[in-house]
Every structure is written in C-alpha cells, then in structure tokens.
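Before any comments, here is the structure.
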Amino acid sequence: MPRADGYQLGDSIVALATAAGEAGIGVLRLSGPRALAIANILCGLPAARSWRPRHAYLRAFYGSDGELLDRGIALYFPAPHSYTGEDVVELQGHGSPVLLEALLAAAVAQGARLARPGEFTERAFLHGRLDLAQAEAVADLIHARSRSQARAALASLEGRFSEGIDALRQQILGALALAEAGLDFSEEDLGEAHMAAIAQQLQGVQQQLQTLLQQSRQGAKLGRGARVALLGRPNVGKSSLLNALAGRDTAIITPIAGTTRDILREEITLNGLPVELLDTAGLRQSDDPVEQEGVRRSRALLARVDWVLLLLDASSGWQAEDATILAELDAQRCTLLWNKVDLLPAFCPPELGPPSFGISARTGAGLADLRAHLRAVVGGEDSAPYLARQRHVLALEAADNALQEAAMQLHAGAEELVAQGLRDAAAALGQITGAVDVEEILGEIFSRFCIGK
Ligand code: GDP
C-alpha cells in the first residue's frame with residue numbers, strides 16, 4: 001500500500017521500543033513480513049527457522065559484522081495476534097545504548113527500515129487492531145502527566161469512548177435507514193407514524209450526543225490541562241508567585257522593573273489536573289523593543305488562556321496601571337491577587353468585582369486557598385470518563401449541527417434533507433474512530449508519537 005509520503009505497509013520496520021539512555025533492559029522491536037527472517041539473522045540462525053509463538057527464548061544477538069553483541073530474550077508474536085497485527089519480534093537485551101544502536105544497525109543492514117514516529121501504532125490501526133481514537137489514546141497514555149490523565153487515557157484505549165461513538169453512529173444509521181425507506185416511497189403518503197418514528201429516533205440520538213459531547217469536552221480539557229496566565233505590573237511578584245506555586249526556582253527574580261521579558265511556563269498539578277502557568281511580560285507601555293515584543297505576546301496569550309490571575313502589590317495599593325490592565329481583561333475569567341501582604345500588619349482586599357485574595361509569594365500565605373480556588377475555576381472535575389482530543393470535540397460538534405439540521409428539515413417535511421443531515425452526522429462520528437476515510441489526517445496524528453510506539 002504505497003502512500004505519497006513513501007509509506008509502505010509491506011516494509012518491515014524496526015525501532016528501539018525503550019527510551020534512549022542506559023537502563024537495565026533495552027528492547028528492539030521488529031514488525032512486518034520479514035521480521036522473523038531478520039530476527040533469525042540477528043540471532044545467528046538460518047533465516048527460515050520457525051519460532052514458537054510468544055515463547056521466551058534466550059538467544060545470542062550478533063552485529064552486522066557477525067560479532068557477538070549481547071545475549072538476551074527473544075519473543076515472536078505472529079500475525080495477526082500482535083500489537084501491529086503483523087509478525088512482530090522483540091529482542092530484549094541489556095539496556096546499553098551502544099549495544100542497542102549496533103543491534104538496530106544490524107537490523108537495518110538486513111533490510112529493516114527505521115520506523116517513523118508512531119508507525120507501530122499506525123500499523124495496528126491499519127490492520128484493525130485499534131480504532132483511531134484508541135490509537136490516539138496510546139500516545140495520550142504515554143504522555144500522561146498525571147494519574148487522572150493516565151486513567152482517562154486508559155479508559156479510551158480500552159475502548160470506552162469508541163464504544164459510545166460507535167453505538168451512537170449505529171443508531172444514526174438506523175434513523176437514516178428509516179428516512180431513506182421513506183424516500184423510496186416518496187410518491188405515497190408516508191403518514192404521520194413514519195415521521196413520528198424518525199422524530200423519536202432523532203431525539204434519542206441528539207440526547208445521547210449531548211452526553212458524549214459534554215464528556216468529551218471534559219476529557220479534552222483533562223488531556224490538554226488548563227492554561228492560566230499571570231499578569232501584573234512589573235515587580236508585583238509574578239515570577240516569585242510562579243516559583244512559589246511550582247515549588248521551584250525557574251524565573252530570574254530581580255527587583256528591577258521589566259526583568260521578565262519572555263513568557264515563562266511552569267506546570268503544576270492541581271488535584272490531578274495539569275495546569276500550565278504562564279508568567280507574561282505584562283502589558284506595560286514601553287519604548288524598549290524587547291519589552292514591546294513581550295507585551296505583544298502577552299496580549300496574544302490572553303486570548304488563549306482559561307483564566308487570568310492579575311497580580312497586584314498590596315504594599316503599594318491599587319494603581320492607575322492596574323486599572324488599565326484590568327480594563328483589558330474579561331472580568332468573568334480573572335482573579336485579583338494582592339501580593340506582598342507580609343509587608344502589611346493586616347490586609348483586606350478591596351471590592352473590585354472579580355474574586356480577590358491576599359497572598360504572599362514570599363511567605364506562602366494564602367497560597368493553599370489560591371490553589372483550591374484555581375482548581376475550582378479552571379476545571380471543576382478532577383476526572384473524566386475518558387480522554388478525548390479537540391479533534392473529537394470538533395467532530396461531535398459537527399455531528400450535533402448535522403442532527404439539528406436533520407431535525408429542522410424533518411419539521412419542514414423535507415425528507416431528503418433529513419437523510420442528508422443524518423448521513424453527515426454519521427460521517428462526522430466515523431472520523432473519530434476512523435470508521436470512514438481518514439487517510440488525510442493519519443500523518444498528522446501519528447507524527448506526534450514517539451519513535452518505537
Ligand atoms: P515580577 O516582575 O512581577 O515577576 O516580580 P518578581 O517576582 O521579580 O518580584 C519583584 C520583587 O518583589 C522581588 O524583589 C521579590 O523578592 C519581591 N517579592 C515578590 N513577592 C513578594 C512577597 O510576597 N513579599 C515581599 N515582601 N516581596 C515580594
């Protein structure tokens with residue numbers, strides 16, 4: 001199956017399945033029609049030697065010059081009962097980067113091609129071992145940054161999300177069959193009963209789709225984590241707060257105004273939800289081109305965050321510049337933080353609209369309350385039934401729109417258009433699991449995997 005990018009399903013591919021670096025064990029994985037023949041040569045055996053499936057052999061591994069490299073475990077998973085659905089061989093040797101590189105080179109010398117990122121999983125998808133949403137869940141599980149993410153990614157990999165999508169798609173196809181049956185008899189009076197039956201099915205699928213949409217939005221949010229921007233005049237303590245929340249010394253903290261010129265990122269986990277904190281250069285007017293660039297980036301960033309923390313200096317009080325910044329913010333998505341309360345004998349935040357807290361990045365006062373508040377505003381749930389991606393949410397939204405269109409057309413009595421709406425909805429859902437043609441998005445999805453998976 002040659003593709004425009006030179007992809008050949010008939011190739012035998014090879015990669016190290018374990019991370020680069022020294023480790024107890026390192027695994028080289030081969031997949032494809034020649035996997036076993038190549039493995040035999042690497043193990044110093046006749047190319048046609050057959051292996052017992054899923055049996056752990058202790059074998060010698062040889063380099064391309066025939067020199068003994070290592071001795072380790074060799075396993076054979078014959079097609080179609082393997083990860084990729086093809087013949088797969090795993091050679092498990094000592095986790096020495098030098099030996100593993102030599103073994104990899106020997107496999108390539110015998111005709112294996114180095115696998116592209118995600119190619120093992122892409123093959124699993126192309127051979128029907130996983131659907132597309134499950135294949136994506138493999139990558140999400142590997143890249144999970146919290147237990148909640150890992151748990152939700154596993155649920156997707158186990159097929160919980162795909163099952164919901166497939167069931168809904170089947171029901172839509174059922175309603176479509178009903179609508180199309182009506183089209184075949186278009187000359188006759190279909191009658192109220194037929195229309196009512198379609199209407200009832202349509203209503204049922206619309207309701208289920210709403211549930212799936214809401215769950216996948218939750219799953220997508222858990223997957224990407226929340227993004228929170230820290231804003232405020234120079235020197236109010238943004239970098240200090242970022243470090244205090246992250247428990248690390250990342251930013252350069254100096255008492256000179258305008259030190260933080262670039263956007264600093266720090267990831268914290270709030271009760272299972274990864275939160276990316278972005279410390280921006282602020283929105284201060286400046287003649288310095290470097291600072292102006294920082295301000296421009298801060299503005300662009302604001303459009304993409306879930307929440308904004310506007311930091312104020314409690315020791316100097318409310319300033320005109322603070323008001324200018326607040327005016328640029330969405331009051332529904334921001335919290336005012338009065339920092340440096342340690343410099344005052346007592347502090348009570350003034351009432352300015354958005355929720356307000358008194359904190360000290362230096363002493364840590366008020367930070368526990370701030371964390372709880374942030375957790376509540378950026379993501380109420382600390383779990384999702386499964387992990388989803390923005391791609392899935394968009395497809396569900398497209399299906400939702402198509403179903404609304406179908407319902408409207410049904411009301412208008414235009415059955416042909418009802419059928420079209422249902423067809424569009426089924427196609428949109430089919431893109432999620434790869435049940436309909438998704439060739440053009442495969443490269444995009446699998447290129448983000450790591451090599452060897
Ligand atoms: P930024 O420009 O907003 O990033 O501010 P920095 O984090 O660089 O802090 C500016 C100055 O304020 C530094 O000297 C910090 O040590 C000081 N600072 C930050 N937070 C606090 C705080 O909670 N209390 C006190 N007393 N000083 C603070």
Side-chain angles (χ1 to χ4, degrees), residues 226-268 270 275-302 304-330 333-350 352 354-374 378:
R227 307 182 94 197
V228 174
L230 274 181
L231 268 187
R233 287 186 284 121
N235 248 15
V236 289
K238 296 182 295 298
S239 310
S240 308
L241 178 62
L242 186 81
N243 291 343
L245 287 172
R248 256 184 269 163
D249 290 338
T250 5
I252 321 144
I253 303 161
T254 65
I256 306 155
T259 306
T260 311
R261 283 190 171 142
D262 213 341
I263 294 169
L264 297 169
R265 290 159 208 275
E266 195 52 75
E267 190 160 292
I268 60 169
L270 294 176
V275 175
E276 192 183 5
L277 279 175
L278 303 148
D279 173 5
T280 73
L283 297 172
R284 201 168 78 124
Q285 299 302 326
S286 167
D287 295 332
D288 177 350
V290 181
E291 239 181 275
Q292 281 176 349
E293 173 58 16
V295 171
R296 193 194 60 74
R297 286 197 215 170
S298 299
R299 282 217 174 83
L301 188 85
L302 283 185
R304 293 186 281 119
V305 296
D306 297 297
W307 203 262
V308 177
L309 297 175
L310 172 54
L311 212 54
L312 307 158
D313 187 335
S315 64
S316 56
W318 184 249
Q319 308 266 320
E321 207 181 325
D322 297 329
T324 315
I325 301 175
L326 184 59
E328 287 204 36
L329 303 180
D330 172 1
R333 286 191 305 127
C334 84
T335 300
L336 307 183
L337 301 179
W338 293 89
N339 191 32
K340 311 191 188 183
V341 293
D342 56 291
L343 297 175
L344 305 169
F347 179 76
C348 182
L352 289 159
S356 303
F357 289 81
I359 60 161
S360 168
R362 179 165 291 177
T363 66
L367 294 191
D369 285 351
L370 170 61
R371 282 174 161 272
H373 165 74
L374 211 49
V378 295

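Each ligand, and each atom within it, is numbered from 1 in the order the structure gives.
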Considering only NZ, NE, NH1 and NH2 on the basic side and carboxylate oxygens on the acidic side, decide whether Asp306 and Arg227 come within less than 4.0 Å. no
N-O pairing of Glu321 and Arg233 below 4.0 Å: no
Look at the rings of His373 and Phe357 and say which category their plane angle falls in: under 30° parallel, 30 to 60° tilted, over 60° perpendicular. tilted
Atom indices of ligand 1, in the order listed, that fall short of 4.0 Å to a heavy atom of [X]:
X      : answer
Leu343 : 26 (N)
Ser240 : 6 (P), 7 (O), 9 (O), 15 (C), 19 (C), 20 (N)
Asp342 : 22 (C), 23 (O), 24 (N), 25 (C), 26 (N)

Rounded to the nearest 0.5 angstrom, the CG-CG distance for Asp322 and Asp313 is 8.5 Å
For ligand 1, find out whether one of its N or O atoms is nearer than 3.5 Å to an N or O atom of [X].
X      : result
Ala361 : yes
Lys340 : yes
Gly237 : yes

Could you work out, for atom 20 (N) of ligand 1, the closest of Leu344, Asn339, Leu231 by heavy-atom distance? Asn339
Verify whether the ring centers belonging to Trp338 and Phe347 lie closer than 6.0 Å. yes
If you look at every heavy atom in Leu326 and Pro354, which pair is closest and at what distance? CD1-CG, 4.3 Å
